[in-house]
Amino acid sequence: MAESGKQLPEEVLALIFRHLPLGDRAAAARVCRAWAAAATCSTVWHDTNISCDCEREGILLPNLYACLDHIRNLRLEFEPSKEPSRRAATELLTALAGRSPGLRGLSLQCRGDKPLFDSGRDVLDAVHVICRASRELHHLDLRRLPFTLDDELVLQVARGCPELLSLFLNNSTLVGSVGPGSLLELLEACPRLHALGLHLASLSYTVLEVLAVPHRTPFTLLALRCACRDDARAPPLPNEAWAALRRRHPGLAVELELEPALPTESVARILRPAVPVATLRLCLSADTVGPLRFAARHYAATLRVLEVHAAASAKLDAALKLLAARCAGLHEVHCFCLVRPSVLRAFLAHCPRLRSYTLKLTREPHPWRPILVAR
């Protein structure tokens, strides 16, 4: 600690204050002029995490409102089922809209109980306001919102955010309401977009064709969630279209998440040999062994992360060992059921790049923690 009469440099104080929650930043700003200057400088606020505590009113004190001008990347957490928390989030988003130079990145995170179906409209309206006013927005992550995201929102993003680089809409909703038509308008309006998270029902053959056009910015990530009935009914995308997309964007990584709502026949339509699957998450109520064997045959060159939620069985263990033998590039494998020791030995023997794994041989209290691999 500095001696009496001496003060830490403002840049050092700023590095400390940037790790403080909002209330502590406000308290620091009231200590003295030097601390107030450090607590309200751009370094502290450039990348900001804010949690809207539903028990508190007035999340931003008046002397901190000017700091909103410094926020470029915001991660905002709130409880959608609690009206005070949701109102605080909405007020903050509305206050951020139109500030110069404005947001570059926005990530909304929900916690707590699931909200009622009719809640969330106020938050989504605030997101619309942000998208209308933040023409320099580069990153928008809504995958942790439990609300239905629709074409109207995507079209607003297309109209208001021409510099967008990444957009994630692959949230845990029961209804897929973003159609391929609005997605095509988004791709035309945002030529630099290179990372996209969607429900499978939002994709179409035409969307894949547009992504594969010669002048398109190199596409790096396509995260697909297959969880609702619309995803299960989505028409199959031709393997040839995936192959063309892969040739156009050799660095493309696909994250594929298959949820319990998918019947076996839908899974068979979704999995295609030419899809460059880098991350595969299987949480199926139906057959899991078949998709694992398919991945071992067709995704050996691209698969880096595997996550499996299934019931333990000898067939599952055999499929996991086959995948371990063929997918030498795996970085992570997490299986949330008990496996035999031979499964663990297979991954350790055949996957030299393995960084962490969750492969439990005996029952343990949840949550199960991954084990880091020392190389």
Would you give the length of the straight line joining atom [atom1] of [X] to atom [atom2] of [Y], rounded to the nearest 0.5 angstrom?
X      : Y      : atom1 : atom2 : answer
Leu187 : Glu185 : CG    : CD    : 10.5 Å
Asp287 : Arg293 : CG    : CZ    : 10.0 Å
Phe147 : Leu142 : CZ    : CG    : 10.5 Å
Ile371 : Leu344 : CD1   : CG    : 7.5 Å
Arg111 : Glu79  : CZ    : CD    : 4.5 Å
Leu258 : Thr288 : CG    : OG1   : 9.5 Å

Taking the side chain as every heavy atom from C-beta outward, state whether [X] and [Y] have any pair of such atoms under 4.5 Å apart.
X      : Y      : answer
Leu323 : Phe347 : yes
Ile130 : Leu140 : no
Val123 : Pro80  : no
Phe168 : Leu221 : yes
Leu237 : Val275 : no
Val254 : Tyr299 : no
His199 : Leu169 : no
Leu224 : Ile270 : no

Among the clusters formed by ILVMFWY side chains lying less than 4.5 Å apart, do [X] and [Y] turn up in the same one?
X      : Y      : value
Leu68  : Leu74  : yes
Val277 : Val305 : no
Val31  : Leu8   : yes
Leu282 : Trp368 : no
Ile50  : Phe17  : yes

Looking at every non-hydrogen atom in both residues, tell me the closest pair between [X] and [Y] and how far apart they are.
X      : Y      : answer
Ala314 : Arg340 : CB-NH2, 3.6 Å
Ser202 : Val207 : O-CG2, 4.4 Å
Ala158 : Cys190 : CA-SG, 4.5 Å
Ala310 : Cys337 : O-CB, 3.1 Å
Gly329 : Arg304 : O-CD, 3.1 Å
Leu322 : Ala296 : CG-CB, 4.0 Å

Does CD belonging to Glu11 count more than 12 external heavy atoms closer than 6.0 Å?
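Yes, enclosed.
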Presence of salt bridge, Asp125 and Arg121, under 4.0 angstrom
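Here Arg121 pairs with Asp125 in a salt bridge, since their nearest N and O are under 4.0 Å apart.
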Give a yes or no on whether a salt bridge exists between Asp231 and Arg225, defined as a side-chain N under 4.0 angstrom from a carboxylate O.
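The answer is no: the pair does not qualify as a salt bridge.
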Spell out, as yes or no, whether a donor-acceptor pair under 3.5 Å connects the side chain of [X] to the backbone of [Y].
X      : Y      : result
Ser285 : Pro260 : yes
His249 : Phe219 : yes
Arg248 : Pro214 : yes
Ser85  : Cys52  : yes
Asp317 : Leu320 : no
Ser134 : Gly102 : no
Ser182 : Asp151 : no
Asp150 : Ser177 : no
Asn49  : Ser51  : no
Arg272 : Glu240 : no

Step-by-step side chain to side chain contact (heavy atoms under 4.5 Å, CB included) determination, Leu330 to Leu303:
CA-CA 6 Å; Leu330 269 175; Leu303 192 62; 4.0 Å; yes
With side-chain hydrogen bond (donor to acceptor under 3.5 Å, both in side chains) as the test, pick out the partner of Ser166 among His139, Arg192, His138, His194.
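Among His139, Arg192, His138, His194, the one meeting side-chain hydrogen bond (donor to acceptor under 3.5 Å, both in side chains) with Ser166 is His139.
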Applying side chain to side chain contact (heavy atoms under 4.5 Å, CB included) to Leu124 and Leu149, what does each step give before you reach the verdict?
CA-CA 8 Å; Leu124 292 177; Leu149 308 176; 3.8 Å; yes
Given Leu93 and Leu106, is the side chain to side chain contact (heavy atoms under 4.5 Å, CB included) satisfied, shown in steps?
CA-CA 10 Å; Leu93 290 172; Leu106 175 62; 4.0 Å; yes
Show the numbers, then the answer: is there a side chain to side chain contact (heavy atoms under 4.5 Å, CB included) between Ser356 and His334?
CA-CA 8 Å; Ser356 69; His334 306 287; 3.7 Å; yes
